[in-house]
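For the single chain, residues carry numbers from 1 onward in sequence order.
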Amino acid sequence: MKHLNLALSTAVAGMILSGSALAMPGFTEQAPFSSVEICIGKISKAANYENAGRVRHEVDSEERRVGGHKIKIDTLVFGADGSELIREYTTVCAVSSKQEAQRFVIREKGI
């Protein structure tokens, strides 16, 4: 019976700790839309959208320890028919809590 109580206590403690980790800043805080817009605007100036029928941005973000957000964006550029992928970019963009772009790195992926 002691082993069952120990296992149950360990499981409950694990759930409490994992719940605390999810509530900590940097784990669940998503960038506001205004910060994402700043990064997408910079991508629009740097990426080649020639012959694009459709562009899709896949966004992931995390809170920065110094304030603001680090935003990772995969940009998919589709041809005139909207289904053929013609270019792909990956971007890392850091936006401060004052809505200023602190870092911007874009790289075209080979298709």
Side-chain angles (χ1 to χ4, degrees):
M1 190 65 154
K2 258 187 175 178
H3 294 291
L4 180 60
N5 286 340
L6 178 61
L8 185 57
S9 297
T10 304
V12 170
M15 286 189 293
I16 291 169
L17 289 175
S18 66
S20 298
L22 292 175
M24 292 176 61
F27 287 95
T28 60
E29 185 68 29
Q30 294 295 312
F33 187 69
S34 57
S35 294
V36 174
E37 280 183 314
I38 289 169
C39 295
I40 289 177
K42 289 186 152 295
I43 291 169
S44 296
K45 291 178 184 175
N48 178 1
Y49 290 166
E50 185 178 341
N51 299 323
R54 180 171 64 106
V55 175
R56 186 172 89 197
H57 301 285
E58 297 173 353
V59 180
D60 186 26
S61 68
E62 61 186 41
E63 194 170 3
R64 296 172 62 207
R65 292 183 185 182
V66 295
H69 291 84
K70 178 180 176 182
I71 303 169
K72 296 177 184 177
I73 303 174
D74 287 327
T75 302
L76 307 171
V77 181
F78 295 92
D81 66 351
S83 63
E84 179 188 358
L85 183 63
I86 58 174
R87 281 181 288 286
E88 186 175 1
Y89 299 91
T90 185
T91 304
V92 175
C93 182
V95 178
S96 72
S97 54
K98 295 179 182 179
Q99 297 296 294
E100 299 168 341
Q102 299 291 312
R103 181 173 183 239
F104 178 79
V105 177
I106 186 170
R107 181 177 57 86
E108 185 171 358
K109 292 181 174 181
I111 298 179

Quiz item: Side chains of I43 and H57: does their closest heavy-atom pair fall under 4.5 Å?
Solution: yes
Self-check item: Sequence neighbours excluded - salt bridge (charged side-chain N to carboxylate O under 4.0 Å, His left out) pairs with any residue from residues 71-86
Solution: D74-K109
Quiz item: Is the closest basic N to carboxylate O distance between E62 and R64 below 4.0 Å?
Solution: no
Quiz item: Atom CD of E88 and atom CZ of R107: how far apart are they, to the nearest 0.5 Å?
Solution: 9.5 Å
Practice problem: Can you see which heavy atom on Q30 is nearest to which on S61, and at what distance? | Solution: OE1-OG, 3.1 Å
Quiz item: Looking at side-chain heavy atoms only, is the closest gap between T75 and V55 below 4.5 Å?
Solution: yes
Quiz item: Got a second to check how far L76's CG is from L85's CG, nearest 0.5 Å?
Solution: 5.5 Å
Exercise. Enter the distance from Q102:CD to S96:OG here, rounded to the nearest 0.5 Å.
Key: 4.5 Å
Quiz item: How far apart are the closest heavy atoms of I86 and E50, and which atoms are they?
Solution: CD1-O, 3.9 Å
Quiz item: Atom OH of Y89 and atom OH of Y49: how far apart are they, to the nearest 0.5 Å?
Solution: 8.0 Å
Quiz item: From F104 CZ over to I73 CD1, what is the distance, rounded to the nearest 0.5 angstrom?
Solution: 8.0 Å
Quiz prompt | Any donor-acceptor N/O pair, R87 side chain to N48 backbone, under 3.5 Å | solution = yes
Quiz item: Is the shortest heavy-atom distance from the side chain of I71 to the side chain of V95 under 4.5 Å?
Solution: yes
Practice problem: Using a 4.5 Å cut-off on heavy atoms from C-beta on, say whether the side chain of C93 contacts that of H69. | Solution: no
Self-check item: S35 side chain vs A31 backbone, donor-acceptor pair below 3.5 Å
Solution: no
Quiz item: Rounded to the nearest 0.5 Å, how far does CD1 of I38 lie from CD of Q99?
Solution: 4.5 Å
